Student: 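Submitted below is the structure of interest, expressed as C-alpha cells.
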Number of protein chains: 2
Amino acid sequence: MKKDSRLSSILHVLLHMAHSDRSMTSEELATFLQTHPVVVRRTMSGLRELGYVRATKGHGGGWMLCANWQTVTLRDIYDAVGCPPVFALGHRLEEPQCLVEQAVNEALDDAFREAEALLIGRLAHVTLADLAADFSRRCRQRPQRRIAHGH
Amino acid sequence: MKKDSRLSSILHVLLHMAHSDRSMTSEELATFLQTHPVVVRRTMSGLRELGYVRATKGHGGGWMLCANWQTVTLRDIYDAVGCPPVFALGHRLEEPQCLVEQAVNEALDDAFREAEALLIGRLAHVTLADLAADFSRRCRQRPQRRIAHGH
DNA sequence: TCTTAAGTAACAATATTTGTTACATGAAAA
DNA sequence: TTTTCATGTAACAAATATTGTTACTTAAGA
C-alpha cells in the first residue's frame with residue numbers, strides 16, 4: 001500500500017518556513033519536497049483553514065507561518081492534514097454478520113486502539129518548537145548523520 | 001490507502017477450521033470470506049510453509065490445522081502472512097539528504113516504533129486458544145452483539 | 001494592464017491489495 | 001487406467017488511495 005506522507009511532508013516545509021523571515025511560494029516549498037506546487041497548496045489548505053499558516057496572492061505573496069510555535073503540536077498538524085488513517089492493516093468488513101469475524105475484529109481492534117492512542121498521544125506531546133529544537137540538537141550532537149543514516 | 005485484511009481474514013478462517021473436525025477446501029473457506037478460492041490458497045501458503053496448516057490434494061482434500069493452539073500467537077500468524085506494513089503513514093523519502101527532513105522523519109519514527117512495538121507485543125500475548133476462548137466468552141456474555149455492533 | 005501567485009476542479013500516473021483466469025501437479029475414486 | 005477433485009502458481013485484471021499534472025479562475029501588486 002502506498003504510504004501517506006502528508007504529515008511528514010508538511011512538517012518538513014514548516015521547519016523550512018520557520019528558518020525564513022519572508023513568505024515562501026508554493027513553488028519554493030515544492031522544491032524542498034521535490035513535488036508539484038499544486039500538491040503543496042492542496043496539502044497546506046487544511047493548515048490555512050485552521051489558521052496555522054496564511055497565504056497571500058500576487059507579487060511577493062506566498063505562505064507565512066502564523067501558528068504559535070510553542071503550543072501547536074504534531075497532533076494538531078496531523079488533524080490539519082485530515083487525520084489520515086494510521087494503520088495499513090484492517091478488516092475485510094467493518095460490521096460483519098459472522099460471529100467469528102466479529103470476535104476476531106474486536107480482538108484486533110483492541111490492539112489497534114491502544115497502539116493508535118499511544119501514537120497520537122506521542123504526537124500531542126511534541127510541539128513545533130520541540131521539533132525545531134530537536135533538529136538543532138541533532139545537528140550539533142550527531143553531525144555524522146549528515147552523510148548517511150540507516151533506516 | 002487500501003487496507004491489508006490478510007491477518008483478519010486468516011484468523012477468521014482459522015477459527016472456523018478449529019470448529020470443524022474434517023479438512024475444509026479453499027472453496028469452503030472462501031465462502032466464509034466471500035472471496036475467491038485462489039485468494040485463500042495464496043494467503044494460506046505462508047501458514048503452510050511454517051507448518052501451522054497442512055494442505056492435501058484430491059478427493060477429500062483441503063486444509064487441516066496442525067498448529068499448537070496453546071502456543072501459536074496472533075503475532076506468529078502476522079509473521080506467517082508476511083509481516084505486512086503496519087502503518088499507512090510514512091515518509092516521502094526513506095533516506096533524505098535534507099537535514100530538516102531527516103530530523104522530521106526520525107522524530108516521527110520514534111513514535112511509530114513505539115506504537116508498532118506495542119501493537120506487535122499485544123499480538124504476541126494472544127494465543128489462538130485465547131482468541132477462541134474470547135470468542136466463546138463474547139457469545140455468552142454479549143449475545144446482543146449478534147444483531148448489531150458499532151465500530 | 002500585465003505579471004505573479006494562490007484556489008480548485010478534473011484527470012493521469014503510480015502503487016498495493018484483491019479478484020480472476022488458466023494451467024500444472026498430485027491424490028483418490030470410479 | 002481414466003476421471004474427478006483439490007491444491008500450487010503464474011499472469012493478469014479490478015479496485016482503491018495517494019501523488020502528479022493540467023487548465024483555469026481569483027486576487028494582489030508592479
Side-chain angles (χ1 to χ4, degrees), chain A residues 1-10 12-13 17 22-49 52-66 78 81-94, chain B residues 1-10 12-13 17 22-49 53-64 66 78 81-94:
Chain A
M1 158 191 314
K2 178 182 273 188
K3 296 201 171 187
D4 185 325
S5 61
R6 278 175 287 189
L7 176 59
S8 171
S9 296
I10 282 287
H12 180 187
V13 299
M17 290 169 71
R22 59 179 181 80
S23 66
M24 304 185 78
T25 67
S26 298
E27 193 147 6
E28 287 175 298
L29 298 180
T31 301
F32 290 129
L33 299 180
Q34 298 172 267
T35 184
H36 200 284
V38 171
V39 175
V40 173
R41 295 192 192 108
R42 184 163 55 198
T43 312
M44 294 283 274
S45 69
L47 279 75
R48 186 191 58 229
E49 288 164 8
Y52 298 145
V53 294
R54 189 171 48 232
T56 56
K57 297 179 179 178
H59 282 86
W63 298 90
M64 285 283 280
L65 282 171
C66 46
Y78 167 75
V81 296
C83 301
V86 169
F87 295 107
L89 303 178
H91 308 310
R92 197 178 49 78
L93 298 173
E94 281 313 309
Chain B
M1 152 191 314
K2 177 181 272 186
K3 295 203 170 186
D4 185 326
S5 61
R6 277 175 288 188
L7 175 59
S8 171
S9 295
I10 282 288
H12 181 186
V13 300
M17 290 168 71
R22 58 179 182 80
S23 66
M24 305 184 77
T25 66
S26 299
E27 192 146 9
E28 287 175 298
L29 298 180
T31 301
F32 289 129
L33 299 180
Q34 299 171 267
T35 186
H36 199 283
V38 171
V39 174
V40 173
R41 294 191 194 108
R42 184 165 53 198
T43 312
M44 295 282 276
S45 68
L47 279 73
R48 185 191 58 228
E49 287 163 9
V53 295
R54 189 169 48 232
T56 55
K57 298 177 178 178
H59 283 87
W63 298 91
M64 286 284 280
C66 45
Y78 168 75
V81 295
C83 301
V86 169
F87 294 107
L89 303 178
H91 308 311
R92 197 178 48 79
L93 298 173
E94 282 313 309

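These numbers come from a predicted model, not from an experiment. The figures here come from the full heavy-atom set of this structure, side chains too, leaving out hydrogens, waters and symmetry mates. Chain letters run A, B, ... following the sequence lines, proteins first, then strands; residues in each count from 1.
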Student: Specify whether B:His12 and B:Phe32 have parallel, tilted or perpendicular ring planes, treating 30° as the upper limit for parallel and 60° as the lower limit for perpendicular.
Tutor: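 Rings of B:His12 and B:Phe32: tilted, as their planes differ by 30° to 60°.
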Student: Would one find a side-chain N or O of A:Thr35 under 4.0 angstrom from OP1 or OP2 of D:dG20?
Tutor: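 The answer is yes; a side-chain N or O of A:Thr35 sits under 4.0 Å from OP1 or OP2.
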Student: Could you check whether the side chain of B:Lys2 and the base of C:dT17 have a donor-acceptor pair of N or O atoms closer than 3.5 Å, going by distance alone?
Tutor: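 Indeed there is one.
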Student: Start at the 5' end of DNA chain D and walk down; is the nucleotide closest to A:Lys57 or to B:Gly60 reached first?
Tutor: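 Per heavy-atom nearest nucleotide, the more 5' residue is B:Gly60.
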Student: Mind calculating the distance between CG (A:Leu89) and P (C:dT17) to the nearest angstrom?
Tutor: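 To the nearest whole Å, that distance equals 10 Å.
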Student: What is the distance, to the nearest angstrom, from the CE atom on A:Met24 to the P atom on C:dT4?
Tutor: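 One finds 19 Å between P of C:dT4 and CE of A:Met24, rounded.
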Student: Specify the separation, in whole Å, of atom NE2 of A:His36 and atom P of C:dA13.
Tutor: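 Going from NE2 in A:His36 over to P in C:dA13 covers 14 Å.
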Student: Please figure out whether B:Pro84 or B:Val38 has its closest DNA chain C nucleotide nearer the 5' end.
Tutor: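 Result of the comparison: B:Pro84.
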Student: What is the nucleic acid contact for B:Arg6, judged by heavy atoms within less than 4.0 Å: base, sugar-phosphate only, or nothing?
Tutor: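 Sugar-phosphate: the residue B:Arg6, judged by heavy atoms under 4.0 Å, touches backbone atoms but no base.
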Student: When the distance from CZ of A:Arg54 to P of D:dA28 is rounded to whole Å, what number comes out?
Tutor: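 A:Arg54 atom CZ is separated from D:dA28 atom P by 13 Å.
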Student: Given atom CZ of A:Arg41 and atom P of D:dC24, what is their separation to the nearest angstrom?
Tutor: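 That distance rounds to 16 Å.
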Student: I'd like to know if the side chain of A:Glu28 reaches the main chain of A:Thr25, judged simply by a donor and an acceptor atom lying under 3.5 Å from each other, with no hydrogens or angles considered.
Tutor: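 Checking the backbone N and O of A:Thr25 against the side chain of A:Glu28, a donor-acceptor pair under 3.5 Å is found.
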Student: Would you classify A:Ser45 as touching base, sugar-phosphate or nothing, given that sugar-phosphate means primed atoms plus P, OP1 and OP2, and contacts are heavy atoms under 4.0 Å?
Tutor: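 If one applies the 4.0 Å heavy-atom cut-off, A:Ser45 turns out to touch nothing in the nucleic acid.
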Student: Using a 4.0 Å heavy-atom cut-off, does A:Ser5 contact any base of the nucleic acid, only the sugar-phosphate backbone, or nothing at all?
Tutor: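 If one applies the 4.0 Å heavy-atom cut-off, A:Ser5 turns out to touch the sugar-phosphate alone, with no base involved.
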Student: Using whole Å, what does the distance between atom P of nucleotide D:dC12 and atom CZ of B:Arg42 come to?
Tutor: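 About 14 Å, once rounded to whole Å.
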Student: Under 4.0 Å, counting only non-hydrogen atoms across every strand here, what does A:Arg48 touch: a base, just sugar-phosphate, or nothing?
Tutor: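 Answer is sugar-phosphate: A:Arg48 comes under 4.0 Å of backbone atoms only.
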Student: Starting at the 5' end of DNA chain D and moving along, which residue's nearest nucleotide shows up first, B:Ala55 or B:His59?
Tutor: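 Residue closer to the 5' terminus by nearest nucleotide: B:His59.
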Student: Between A:Cys66 and A:Val53, what is the shortest heavy-atom contact and its length?
Tutor: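 Closest approach of A:Cys66 to A:Val53, heavy atoms only: SG-C, 3.6 Å.
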Student: side-chain contact (heavy atoms from CB on, under 4.5 Å) for B:Val13 and B:Met24? Distances and angles first, verdict last.
Tutor: CA-CA 10 Å; B:Val13 300; B:Met24 305 184 77; over 6 Å; no
Student: Grab the CD-C1' distance between A:Glu27 and D:dT21 for me, whole Å please.
Tutor: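 Distance, rounded to whole Å: 13 Å.
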Student: Going through the distances and angles, do A:Val81 and A:Leu47 end up as a side-chain contact (heavy atoms from CB on, under 4.5 Å)?
Tutor: CA-CA 7 Å; A:Val81 296; A:Leu47 279 75; 4.0 Å; yes
Student: Rounded to the Å, how far apart are A:Glu49 CD and C:dA6 C1'?
Tutor: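 Nearest whole value for this atom pair: 14 Å.
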Student: Is the phosphate of D:dT7, meaning OP1 or OP2, less than 4.0 Å from a side-chain N or O of B:Ser26?
Tutor: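 It does, given that an N or O in the side chain of B:Ser26 lies less than 4.0 Å from OP1 or OP2 of D:dT7.
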